[in-house]
Amino acid sequence: QLQAFGGGLVQAGGSLSLSCAASGRTFSTYAMGWFRQAPGQVHEFVTAINWSDGSTNYRDSVKGRFTISKDNAKSTVYLQMNSLKPEDTRVYYCALTSRTVLAGPPSLWDYWGQGTQVTVSS
């Protein structure tokens with residue numbers, strides 16, 4: 001089970017942070033990550049982090065602005081979002097996979113948290 005926290009409304013150029021706590025059978029976790037979805041569109045990959053070695057992957061449009069991190073002891077993944085743009089407005093979802101992937105598609109991710117809205121005003 002994944003539970004996400006954070007999100008909200010911010011002006012362009014501002015910052016927001018998200019967190020996602022995993023509970024239950026997390027011993028098989030290979031990676032945790034974040035996807036986002038606009039109304040009527042499919043989930044798009046944002047970023048992921050390897051649960052063991054901390055290696056990361058980001059979609060090009062968020063590189064240098066978003067940072068994913070983890071706390072293994074708390075089974076929690078974080079997403080720090082800086083220099084937010086209106087086009088970052090989406091519902092953000094955390095996800096967990098046992099497969100050896102650090103990216104999409106969503107079908108490769110086993111568990112999903114509830115979405116949290118991020119709205120960036122211009």
Can you find a pair of side-chain heavy atoms, one from [X] and one from [Y], that are under 4.5 Å apart?
{"X": "V62", "Y": "R36", "result": "yes"}
{"X": "V77", "Y": "W34", "result": "yes"}
{"X": "Y30", "Y": "V101", "result": "no"}
{"X": "L84", "Y": "Q11", "result": "no"}

Show the nearest heavy-atom pair for residues [X] and [Y], with the distance to one decimal.
{"X": "M81", "Y": "L18", "answer": "CE-CG, 3.8 Å"}
{"X": "L96", "Y": "A22", "answer": "CD1-CB, 4.3 Å"}
{"X": "A12", "Y": "P86", "answer": "CB-CD, 4.1 Å"}
{"X": "L102", "Y": "N57", "answer": "O-ND2, 2.8 Å"}
{"X": "S15", "Y": "Q80", "answer": "CB-NE2, 3.8 Å"}
{"X": "E87", "Y": "R90", "answer": "O-NH1, 3.0 Å"}

Donor-acceptor pair, [X] side chain versus [Y] backbone, under 3.5 Å?
{"X": "R99", "Y": "L108", "answer": "yes"}
{"X": "Y58", "Y": "I68", "answer": "yes"}
{"X": "T116", "Y": "G6", "answer": "yes"}
{"X": "T56", "Y": "I49", "answer": "no"}

For the [atom1] atom of [X] and the [atom2] atom of [Y], what is their distance to the nearest 0.5 Å?
{"X": "C20", "Y": "Y111", "atom1": "SG", "atom2": "OH", "value": "13.5 Å"}
{"X": "S98", "Y": "W51", "atom1": "OG", "atom2": "CH2", "value": "14.0 Å"}
{"X": "L9", "Y": "Q117", "atom1": "CG", "atom2": "CD", "value": "9.5 Å"}

For salt bridge (Lys or Arg N to Asp or Glu O under 4.0 Å), just list the numbers for K85 and D88, CA-CA rounded to whole Å, side-chain angles, deciding distance to a tenth of an Å, and then say yes or no.
-> CA-CA 5 Å; K85 304 175 181 180; D88 294 317; over 6 Å; no

When clusters are formed by joining ILVMFWY residues with side-chain heavy atoms under 4.5 Å apart, either directly or through shared neighbours, do [X] and [Y] land in the same one?
{"X": "L2", "Y": "V46", "value": "yes"}
{"X": "F45", "Y": "Y78", "value": "no"}
{"X": "V120", "Y": "L79", "value": "yes"}
{"X": "M32", "Y": "F66", "value": "yes"}

CA sep, side-chain torsions, deciding dist, call: Q114, Q3, side chain to side chain contact (heavy atoms under 4.5 Å, CB included) | CA-CA 6 Å; Q114 84 284 10; Q3 188 169 12; 4.1 Å; yes

Could you please spell out the steps behind the ring-ring contact (aromatic ring centres under 6.0 Å, His included) verdict for W109 and H43?
-> CA-CA 11 Å; W109 293 73; H43 288 78; over 10 Å; no

Would you please classify the geometry between the W112 ring and the Y93 ring as parallel, tilted or perpendicular, with 30° and 60° separating the classes?
-> perpendicular

